[in-house]
Amino acid sequence: MSLPGRFMMTNGSRGYRGALASLGIIVAAGAQAGHITTMDCNIDAYNLTGQTANDFDIQLGGVAKSEVLKTFHNIFPNVEVTEQPYGSLIHYYGREFAPGDSVHIGYEIFPAGPIGTIDQYWSYDGAKLGGPAFRCNKPTIFSDGSVTNTGSTDVWIQRRFAVEPDAVDLQNDLNTGTSFWNNATLIDQSPIALLAGATADYAFANVGAGSYTMMYEVCSDAQCSAGHVSETVFSSVYYTPEPGVLGLVGSAGLAALGASALRRRRRA
């Protein structure tokens with residue numbers, strides 16, 4: 001049975017558990033049967049390499065070029081997707097970014113199975129400079145909203161989640177300051193420490209077909225204020241249950257989710 005929004009720390013970090021029991025969600029046993037279709041990923045990547053960069057590359061393992069459905073390149077003038085022996089390379093290029101500058105970029109994929117982001121990094125004319133450690137990876141099940149610190153530096157993160165019946169808009173929803181961001185449920189009232197190699201687990205409750213989105217800021221200290229954010233990640237999957245398999249939502253949970261996470265937005 002899937003718990004309604006449970007989260008904990010693992011891999012040797014200081015642990016805690018919490019539950020959003022006030023949502024009154026009741027989940028049917030076995031209701032996770034189904035499959036993930038598309039995955040949307042956006043990141044705010046800050047150039048913390050100490051050098052000027054003019055490219056940003058994302059290596060996706062096991063993803064064919066034809067499975068990269070959309071890309072969003074923001075202020076990068078160009079983006080190119082090429083087939084590689086390991087999968088696909090998304091190459092954003094054509095603009096210089098000084099140390100400290102940032103860019104908001106993203107992609108949508110329609111993969112056959114779990115996806116591993118092999119690497120993502122800034123470069124200059126193809127010469128790798130380094131890049132952010134936090135990446136979007138398609139989970140094995142839709143309810144997995146865990147965040148892993150794959151870097152070598154301890155950080156602080158502050159997470160939000162949203163669940164809704166509509167597909168998210170890669171460009172207009174997955175960004176800070178949007179109504180989607182502002183209406184999302186805040187998991188961490190204050191930033192939490194995430195040690196290098198540790199994982200902060202989170203499990204979505206199954207409310208049926210729809211988009212399950214995890215959003216979080218990565219910060220250099222516990223303030224997570226302007227100037228302290230080193231990366232922002234938006235990872236969303238669209239889940240389709242098998243026919244006849246439904247999650248059940250209690251009346252209190254339906255009201256709460258209807259007001260916050262299960263809203264239908266007016267498209268601009």
Side-chain angles (χ1 to χ4, degrees), residues 1-10 15-27 31-32 36 39-44 106 134 136 139 141-148 155-170 172-194 199-219 222-225 229 231-239 241 247-267:
M1 180 176 293
S2 175
L3 293 179
R6 71 179 188 274
F7 55 94
M8 61 180 294
M9 300 290 289
T10 59
Y16 67 90
R17 292 177 183 263
L20 304 181
S22 61
L23 294 183
I25 298 175
I26 305 170
V27 182
Q32 291 194 16
I36 296 171
M39 185 190 85
D40 288 82
C41 173
N42 271 9
I43 61 171
D44 290 338
F134 288 81
C136 294
I141 57 174
F142 78 96
S143 59
D144 180 12
S146 61
V147 177
T148 299
V155 298
W156 282 259
I157 63 171
Q158 189 167 28
R159 298 168 294 171
R160 292 170 167 80
F161 81 92
V163 185
E164 63 163 61
D166 299 326
V168 299
D169 185 282
L170 180 65
N172 297 317
D173 289 337
L174 302 185
N175 204 347
T176 56
T178 63
S179 60
F180 188 81
W181 170 274
N182 292 334
N183 291 322
T185 300
L186 189 64
I187 298 172
D188 309 304
Q189 298 304 311
S190 299
I192 60 172
L194 188 60
T199 296
D201 290 332
Y202 187 82
F204 289 100
N206 187 345
V207 293
S211 297
Y212 294 75
T213 305
M214 179 66 71
M215 300 163 275
Y216 58 94
E217 294 177 304
V218 182
C219 310
Q223 300 304 312
C224 252
S225 55
V229 178
E231 186 182 359
T232 309
V233 179
F234 310 79
S235 183
S236 182
V237 296
Y238 192 87
Y239 164 75
L248 304 179
V249 182
S251 58
L254 184 60
L257 284 173
S260 59
L262 288 177
R263 65 203 173 282
R264 293 185 179 273
R265 300 176 312 283
R266 178 181 301 172
R267 302 293 183 182

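Treat the numbers as computed from the prediction; the structure is a model and nothing was measured.
- Every residue two or more places apart in sequence or in another chain was checked for a side-chain hydrogen bond (donor to acceptor under 3.5 Å, both in side chains) with D40, and none qualifies.
- Under the rule for a side-chain hydrogen bond (donor to acceptor under 3.5 Å, both in side chains), N175 has no partner lying at least two apart in sequence or in another chain.
- The CG atom of D201 lies 7.0 Å from the CG atom of D144; values are rounded to the nearest 0.5 Å.
- Residue N172 holds its CG atom at 8.5 Å from OG1 of T178, rounded to the nearest 0.5 Å.
- Within the 4.5 Å cutoff, no side-chain heavy atoms of V147 are placed close to those of Y202.
- Distance check, rounded to the nearest 0.5 Å: CZ of F204 to CZ of F142 gives 9.0 Å.
- Between the D173 side chain and the V168 main chain, no donor and acceptor come within less than 3.5 Å of each other.
- Judged by distance alone, with hydrogens and angles left aside, the side-chain atoms of S211 form a donor-acceptor pair with the main-chain N or O of D166 at under 3.5 Å.
- Between Y239 and N206 the shortest side-chain heavy-atom distance falls below 4.5 Å.
- Closest approach of P191 and A222 over heavy atoms only: CG-O, 3.3 Å.
- Minimum interatomic distance between Y212 and V163 (heavy atoms only, all atoms of both residues): CE2-CG1, 3.5 Å.
- Within the 4.5 Å cutoff, no side-chain heavy atoms of Y216 are placed close to those of L194.
- Rounding to the nearest 0.5 Å gives a distance of 12.0 Å between OG1 of T213 and CH2 of W181.
- Taken from CD1 in I187 to CE in M215, the straight-line distance is 8.5 Å, to the nearest 0.5 Å.
- By the side-chain hydrogen bond (donor to acceptor under 3.5 Å, both in side chains) test, S235 pairs with no residue at all, sequence neighbours left out.
- Taken to the nearest 0.5 Å, the CG atom of L174 stands 10.5 Å off from the CG atom of D44.
- In this structure a side-chain-to-backbone donor-acceptor pair under 3.5 Å is present from Q158 to D188.
- Here the shortest heavy-atom pairing between I157 and A200 reads CD1-CB, 4.2 Å.
- Considering only residues two or more places apart in sequence or on other chains, S190 meets the side chain to side chain contact (heavy atoms under 4.5 Å, CB included) condition with none of them.
- Annotation for A193 and W156: closest pair N-CD1, 3.6 Å, computed over non-hydrogen atoms.
- Between G145 and M214, the closest heavy-atom pair is O-CE, 3.1 Å.
- Checked against side-chain hydrogen bond (donor to acceptor under 3.5 Å, both in side chains), T176 has no partners two or more places apart in sequence or in another chain.
- Under the side chain to side chain contact (heavy atoms under 4.5 Å, CB included) criterion, A209 pairs with Y238, P241, sequence neighbours left out.
- Across I36 and P139, no two heavy atoms sit closer than the pair CD1-O, 3.5 Å.
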